[in-house]
Colleague: 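Dropping a structure here in structure tokens format, bear with me for questions.
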Amino acid sequence: METLLSIEDLAIDFDQGKRFVRALHGVSLTVARGEVLGVVGESGCGKSITWLAALGLLGSRARISGSVQLNGQEIAGAPENDLAGLRGGRIAMIFQDPSSSLNPVHRIGRQIVEALKLHRGMTGASADAEAARLLDRVGIANATRRLREYPHEMSGGMNQRIMIAMALAGEPDLLIADEPTTALDATIQAQILDLLTELRRDSGMALVLISHDLGVVADMSDRVAVMYGGRVIEEADTGSLFDSPAHPYTKGLIAALPDIDGPRRRLESIPGTVPAPDRLPPGCSFAPRCAIASKICDARMPAFLPYGESQSHFAACVKCRDEKPAESARLSGNKHVLVPA
Amino acid sequence: MSALLQAKDLKRHYEVHIPEGLFGRKASLKAVDGVSFSIEKGRTLGLVGESGCGKSTTAKLVLGLIPATAGTVEFAGTRVTARHDAQWRAMRRRMQMIYQDPLGALDRRLPVITQIAEPFEIHNPEMLAAERTERSALLMESVGLRPDMAMRYPHELSGGQRQRVVIARALALEPDLLVCDEPVSALDVSIQAQVLNLLDDLRERTGFAALFISHDLKVVRQMSDRVAVMYLGRIVESGLPEEVFRRPQHPYTKALVSAIPTPARRGKRERIVLEGDPPSPVDVPSGCSFHTRCPIAQASCRNEVPQLVTSGGHAVACHLVNAGAAPAAQAAE
Amino acid sequence: MVQYLLMKIFRALVTVTLIVSAAFVVLRLSGDPAIIILGPEAPPEAFEAFRRNWGLDQPIWVQYFKYFVAVAQGDLGNSMRDGRSALVVVGERIPLTLAITLPALFIKLAIGLPAGVVAALYRNTWVDRLIMMLSVAGFTVPSFVLGLVLAMIFAVWLGWLPSGGSDTWAHAVLPTVTMGLVGAAVIARFTRSAMLEVLGQPYIRTASAKGLLWRNVVRSHALPNAAIPTLTIIGFLVGSLVAGAVVVESVFSWPGVGRLLVNAVANRDLAVVQVILLLVGLTMVGANLAVDILYGIVDPRLRIKRLQAGS
Ligand SMILES: Nc1ncnc2c1ncn2[C@@H]1O[C@H](COP(=O)(O)OP(=O)(O)OP(=O)(O)O)[C@@H](O)[C@H]1O
Ligand SMILES: Nc1ncnc2c1ncn2[C@@H]1O[C@H](COP(=O)(O)OP(=O)(O)O)[C@@H](O)[C@H]1O
Ligand code: SF4
Ligand code: SF4
Ligand SMILES: [Mg+2]
Ligand SMILES: [Mg+2]
């Protein structure tokens, strides 16, 4: 598949006044044209900043190194003018809290038209008509009237639809959705996920879906990257990742999740907590919480290597290569026991 | 068997001012609108529903933190009122609460051990300082906090550890009932599992009953002996978790259950997607309040409020289901 | 909304009444205007005549009651000093005060707003630190000290400007600049924090993510939002146009309302003090109302929802 965006060895340090703290430690990820990449991990693991940095949206307090290529063209460190042209055009982004992500003092219409003008040079009546069409496209009734309303007159779900309409304005090749449903209720989450699936089917745009919810990611993605402590620690096709997770952290996450189907079982919790970015252990950053950690884990951060037969499953753990994939599937819990009706 | 906690037809309406027209208008916001349930000793009732459906209000009504507009709550045979007299305080010792935001529930100027010992000071002032310290230390141990954390301040602990402090404090007086309002919603998955397991173990050990509130069906199923599903201030379905979540009857529960994405369901899910947003509790639709979003609503649903009808321990408030006319119950797969 | 405004006006009137009453009591109990105005050596008959003339021989609550009845009838009383209507005495000073406070307001806004915005945009750089250092200096130094320092430099040492009086426009320069600088410091600080708050909002990130250049993000997304809280402080400044110059007028002997107030208090010239207090109260109330109405206009969240057909 043709690579659309590739991130190579991206590292981010934040200026904390007296010193720099590294929040991202060399992340490499690719997104192919039209695919859905799920990014999952607990809060603070670097999901958001990876993509904000790729778009140059992190601000001056972040020091960024590494390479970001769009269609083979380097965009990391590109001049602000060039980056601004890409943002909202080739690559659009939507965020977690839709209601505060829209400007409270501008009408919905103005905010969408702004994007249309930037990326498609539309103004006046044609821009208004297109904005109404986009609202209609994301399932908002009475589009023309809604254009004259303000974000506070809408529910969270409607505002997220508006954010999506705004993202579609530039006809992007890639949409980065950072926890698009985290702030929404279950039934509204279902609506938004459906909408994203439908839009993708129609336009063929690629989607990066960032979430801390394993279920959402499993449901939507072709491929999944699991992050921990500012690194990608496992990456695989969605099927292999959930059927035969390799990394102890991924297994832990899956086992820690209560299920809605199947028999009730005691949850397997991961002991301890995520270490602070400035207090990572020397070797594998998961070692302090890992049940099978041993001395070799402390030596250095394990390399990100292929796992099992598949050439598309990677994990960063020194132990998971010793153990067979079949066995790890068993460890991942009994989630496949479906209960007959 | 007499229940430990019995809520009967609880209502809580708020007078609100709607900024509409020149002067605005007054309206009644029906946060909780006729909720009945009971919790037996040592059992857990799970309460689920979308935001704004009245879960937290129900919790506050149960504890008598706010007065009810109508209805009654009885705890161990005694009326719980919102008059905070000696009787209420004595009852409050036996009913404790855990909130979603542990940082907000703790005093950031006091070390955590002091806060865990606080209930002893309030409800048992004669207790010797030495005994207080010892009991607090035991509590910390039982919730999995290391002794060296005793003198830390809340902001020096992680979210999961803070929630443990809150749990330890709530359990100090060995309550008979623990009301948990979204206790793990602010926590990460791995920490959430720790806290859920902890609550499970403590319940096993001390035998408290619980009202467990969450918007997350998976979490509620994990923790509850019975569950109740709320929509716009009313319970629309209740029963055993296996029944309610595996064979949901009410169209709302069906949609809710079908909408949960899980790794195991990936790819083979038939999502029932409801249209629109839940209506505002100020403008509760007439008849069945779900009729504006219900995929199988009929004309009669607009006029008559469906009653919660129990059959075999499974209660549903839907005209079609109760008339036996709803499409056959489907298993969640 | 109308109800809300009426409520606000009512509350403001209550406040003004309370202030006026308090002033009445304090001024009456703290000294005898007869002695102050006529001088302690005046003959006893003169005192008596003066007191009878001004009603000072009656019990204080009768005086108080009479005063309010008169005010309600539109009679604000006469100055005890020269017997002219207090309204006229105060009225003729107003233009003089506005002559320095209006240009000072302009200086405050013209320096304070941009300085605050720039400091926020260049947060934690030397630009920000410099502006904030000046700002802190500006409002920790009392205005009479700043006034005296400026007078020292420009009047005493350099001899460019007069240090006191009101004969030419040059006399207005030092008091205006003193007030302007102090006010600019306050506005800069306030604007900076309003702007920082806005720059941290998610919708700013959205604006960047949609492809706007930073300067356009600032112009069309950050500034309109930061303007909303800034309105409050501008309203306050407008409200103090009449009475905000007490200290500066005294320092530079500028014969405005502020200096009149100081003298009237010293003389226990009650009617004049009361007129000034009423004036201050009413401008404050007026400015406050204007801010409220403006809020409703610039912030759609506070705008009244018109009755809409259907939904
Ligand atoms: N601008 C910032 N400066 C400093 N720390 C930040 C900043 N933005 C985020 N953080 C920190 O990064 C961590 C993760 O923040 P983020 O907002 O991405 O949370 P999240 O993953 O979306 O969390 P959740 O899943 O709970 O919503 C938090 O510890 C937060 O305090
Ligand atoms: N502006 C910032 N300044 C300092 N640290 C930051 C900033 N933004 C994010 N971080 C840190 O970077 C790490 C990754 O953050 P983020 O990508 O937001 O996490 P998430 O995976 O939850 O999206 C976290 O440890 C966070 O504290
Ligand atoms: S490298 Fe070691 S510590 Fe890290 S995940 Fe693998 S086994 Fe655990
Ligand atoms: S009563 Fe009617 S509207 Fe309500 S849930 Fe049943 S079918 Fe739907
Ligand atoms: Mg995030
Ligand atoms: Mg709640």
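Predicted, not measured: the structure shown is a model, and the values here were computed from it. Proteins get letters first, then strands, A, B, ... in listed order; numbering begins at 1 in each.
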Colleague: Taking atom types as modelled, find out whether B/Ser142 and B/Arg205 have a side-chain donor-acceptor pair closer than 3.5 angstrom.
Modeller: no
Colleague: Is there a side-chain contact between B/Asn197 and A/Arg266 in this structure, where contact means two heavy atoms from C-beta onward sitting under 4.5 Å apart?
Modeller: yes
Colleague: Do B/Pro154 and B/Val165 come close enough that some side-chain heavy atom pair is under 4.5 Å?
Modeller: no
Colleague: Taking every heavy-atom pair that is under 4.5 Å apart, which of A/Gly252, A/Ala276, A/Ala186, A/Ala256 has the most such pairs with chain B?
Modeller: A/Ala256
Colleague: Identify which part of B/Ser51 has an atom lying under 4.5 Å from any heavy atom of chain A, answering side chain, backbone, both or neither.
Modeller: both
Colleague: Is it true that B/Glu242 and B/Arg221 have a side-chain N and a carboxylate O under 4.0 angstrom from each other?
Modeller: yes
Colleague: Could you check which of B/Gln192, B/Arg293, B/His215, B/Gln194 has the highest count of heavy-atom pairs closer than 4.5 Å to chain A?
Modeller: B/Gln194
Colleague: Is it the backbone or the side chain of A/Leu184 that comes under 4.5 Å from a heavy atom of chain B, or both, or neither?
Modeller: neither
Colleague: Less than 6.0 angstrom separating the ring centers of A/Tyr228 and A/His247, yes or no?
Modeller: no
Colleague: Find the one option among A/Thr238, A/Leu193, A/Ile260 whose heavy-atom pairs under 4.5 Å with chain B are most numerous.
Modeller: A/Ile260
Colleague: What part of B/Leu196 is in contact with chain A, defined as an atom under 4.5 angstrom from a non-hydrogen atom: side chain, backbone, both or neither?
Modeller: side chain
Colleague: B/Val195, B/Asp216, B/Leu274, B/Val273: which one forms the most heavy-atom pairs within less than 4.5 Å of chain A?
Modeller: B/Val273
Colleague: Using a 4.5 Å cut-off on heavy atoms from C-beta on, say whether the side chain of A/Ile108 contacts that of A/Glu153.
Modeller: no
Colleague: Looking at A/Val274, A/Leu241, A/Leu214, A/Ile188, which makes the most heavy-atom pairs under 4.5 Å with chain B?
Modeller: A/Ile188
Colleague: Which region of B/Glu275, side chain (C-beta onward) or backbone (N, CA, C, O), has a non-hydrogen atom less than 4.5 Å from a non-hydrogen atom of chain A, or is it both or neither?
Modeller: backbone
Colleague: Under 4.0 Å between a side-chain nitrogen and a carboxylate oxygen: does that hold for A/Arg146 and A/Glu149?
Modeller: yes
